[in-house]
Amino acid sequence: MDLNLRQVRAFVSVVQVGSFTRAAALLNLSQPALTVQIQRLEEMLNARLLDRTSRTVAPTRLGRELLPVFERVLRDLDAVVVDTRDLAARRHGVVRVATLPSFAASVLSDAIVRFRAEHPAVTFRIKDVLAQRVLDLVREEEADLGIVGGDVRDPEIGVLHRTRDALHVIYPADHPIGALPRVTIAALAEHPLILMDPATSVRAVVDRAFVGSGRLPRVACEATYMMTAVSMVRAGLGLTILPGAAREIRAEPLLRSRPIDDPLFERPVCLIKKAGRTMPPAAEAFCRMVADRLADPGGTAAGAAPGP
């Protein structure tokens, strides 16, 4: 069927205002053009919808029955157009982000605060998960964006921004490592360590650094979550190694944090999306803000955690 919305809108307008002349003015059409739209609609439906005289126009019984259906179609379409324009203008929408927990509590939180100041109707769905799960969620298009540690070499993943995150050692305030002029891998190897789970990007960096130096870490415990590792340091079980972006240490007045003076203890960080896919407008705008925050040395991944 070649039924089109111009014909439907013409019919609804004529019935609502009760006049071809007024309906033509409302639709910014000439009266003959409006008449043609109505005629084509009736021909398409093979039914008369309007009874016309030289002075009056009124819907037929079938026209009265179709009127609420056509009105609902036009309302729904108008709502779709408004919603789509709002989405395109980033006035509302949902941004889905998969991220490592360390960035969920730092870079991402800062970026969301700034973004919502300009776009208060945009909402966020955050999945703070381990590195491999971030990749899976982006690959499966369950997340518009991802923030992940490590180099990403996957044809299904597009890298939007790359940066690096320096790792820090976390230790009790009175620990002797705090008195050293610099923290080296040799110094770390002398103390028991609470290391992150082998599935984490932080652990991959730490393992490569120790293997590259020909040393073995003294592993006291392993933890999946950074807050768990921090709690173990507070309990005196050893030192831990966390990203500079991690904020867990800031809530611990008896613990300190120092960068490790070794380029091997740097974690690549990637902002990613599904390769070849167009992001929703709100997600695209937010992506630019996250990239800016990742590149900002004052308050993100490149920034320093509290010192000794």
Side-chain angles (χ1 to χ4, degrees), residues 83-84 87-90 92-112 114-116 119 122-167 195-209 211-212 222 224-226 242-246 263-296 300-302:
D83 287 347
T84 302
L87 288 170
R90 302 184 294 278
H92 66 73
V94 178
V95 179
R96 305 169 305 164
V97 185
T99 178
L100 300 178
S102 58
F103 291 107
S106 56
V107 173
L108 195 58
S109 296
D110 293 341
I112 290 173
R114 293 191 177 194
F115 191 83
R116 281 181 54 82
H119 308 283
V122 173
T123 59
F124 290 82
R125 294 177 185 165
I126 309 301
K127 293 186 180 294
D128 46 341
V129 293
L130 298 182
Q132 184 56 52
R133 186 60 181 146
V134 173
L135 293 172
D136 292 341
L137 290 169
V138 172
R139 190 182 297 110
E140 295 161 8
E141 297 188 71
E142 294 183 31
D144 305 309
L145 295 169
I147 307 175
V148 67
D151 285 321
V152 177
R153 309 291 180 191
D154 186 328
E156 294 188 68
I157 301 294
V159 178
L160 304 169
H161 181 78
R162 296 181 190 271
T163 187
R164 302 188 74 80
D165 185 16
L167 299 187
L195 298 184
M196 301 306 296
D197 186 275
T200 64
S201 60
V202 171
R203 178 62 178 274
V205 172
V206 172
D207 285 348
R208 280 197 299 270
V211 169
E222 291 182 347
T224 301
Y225 296 103
M226 294 185 186
L242 298 180
L264 293 176
F265 284 90
E266 285 189 349
R267 175 178 62 163
V269 176
C270 295
L271 178 63
I272 61 174
K273 66 182 268 303
K274 172 78 171 182
R277 303 296 288 175
T278 300
M279 291 185 292
E284 185 173 353
F286 182 67
C287 169
R288 292 193 291 270
M289 185 166 287
V290 173
D292 289 343
R293 297 298 291 155
L294 285 169
D296 176 11
T300 61

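Just so it is clear, the values below take in all heavy atoms, side chains as well, and ignore hydrogens, waters and symmetry mates. Sequence positions, counted from 1, serve as the residue numbers for this chain.
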Rounded distance [0.5 Å steps], [atom1] in [X] versus [atom2] in [Y]:
X: Thr224; Y: Met226; atom1: OG1; atom2: CE; result: 11.0 Å
X: Arg208; Y: Arg203; atom1: CZ; atom2: CZ; result: 12.0 Å
X: Leu108; Y: Ile126; atom1: CG; atom2: CD1; result: 4.5 Å
X: Met196; Y: Asp207; atom1: CE; atom2: CG; result: 12.5 Å
X: Arg116; Y: Phe124; atom1: CZ; atom2: CZ; result: 7.5 Å
X: Asp128; Y: Ser102; atom1: CG; atom2: OG; result: 10.0 Å

Is any side-chain heavy atom of [X] closer than 4.5 Å to a side-chain heavy atom of [Y]?
X: Leu145; Y: Leu160; value: yes
X: Val148; Y: Ser201; value: no
X: Lys273; Y: Cys287; value: no
X: Leu100; Y: Ile147; value: no
X: Pro280; Y: Val95; value: no
X: Arg125; Y: Val94; value: yes
X: Val97; Y: Phe286; value: yes
X: Cys270; Y: His161; value: no

Show the nearest heavy-atom pair for residues [X] and [Y], with the distance to one decimal.
X: Met289; Y: Ala111; value: SD-O, 3.3 Å
X: Pro243; Y: Leu167; value: CA-CD2, 3.6 Å
X: Arg164; Y: Pro268; value: NH1-CG, 3.8 Å
X: Gly244; Y: Asp165; value: N-OD1, 3.4 Å
X: Phe115; Y: Ala282; value: CZ-O, 3.7 Å

Donor-acceptor pair, [X] side chain versus [Y] backbone, under 3.5 Å?
X: Arg96; Y: Lys127; answer: no
X: Ser109; Y: Ala104; answer: yes
X: Arg267; Y: Val202; answer: no

Should Phe103 and Val290 be marked as a side chain to side chain contact (heavy atoms under 4.5 Å, CB included) after you check the CA-CA gap, both sets of side-chain angles, and the distance that decides it? CA-CA 10 Å; Phe103 291 107; Val290 173; over 6 Å; no
Please list, chain by chain and in numerical order, all residues satisfying side chain to side chain contact (heavy atoms under 4.5 Å, CB included) with Asp136, sequence neighbours excluded.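 Result, side chain to side chain contact (heavy atoms under 4.5 Å, CB included) vs Asp136: Gln132, Arg133, Arg139, Glu140.
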Please assess Val152 against Leu135 for the test side chain to side chain contact (heavy atoms under 4.5 Å, CB included), listing each intermediate value before the final yes or no. CA-CA 9 Å; Val152 177; Leu135 293 172; 4.2 Å; yes
Is the shortest distance from a Lys or Arg side-chain nitrogen in Asp110 or Arg114 to a carboxylate oxygen in the other one below 4.0 Å? no
Residue set satisfying side-chain hydrogen bond (donor to acceptor under 3.5 Å, both in side chains) with Thr99, at least two apart, ordered chain then number -> none
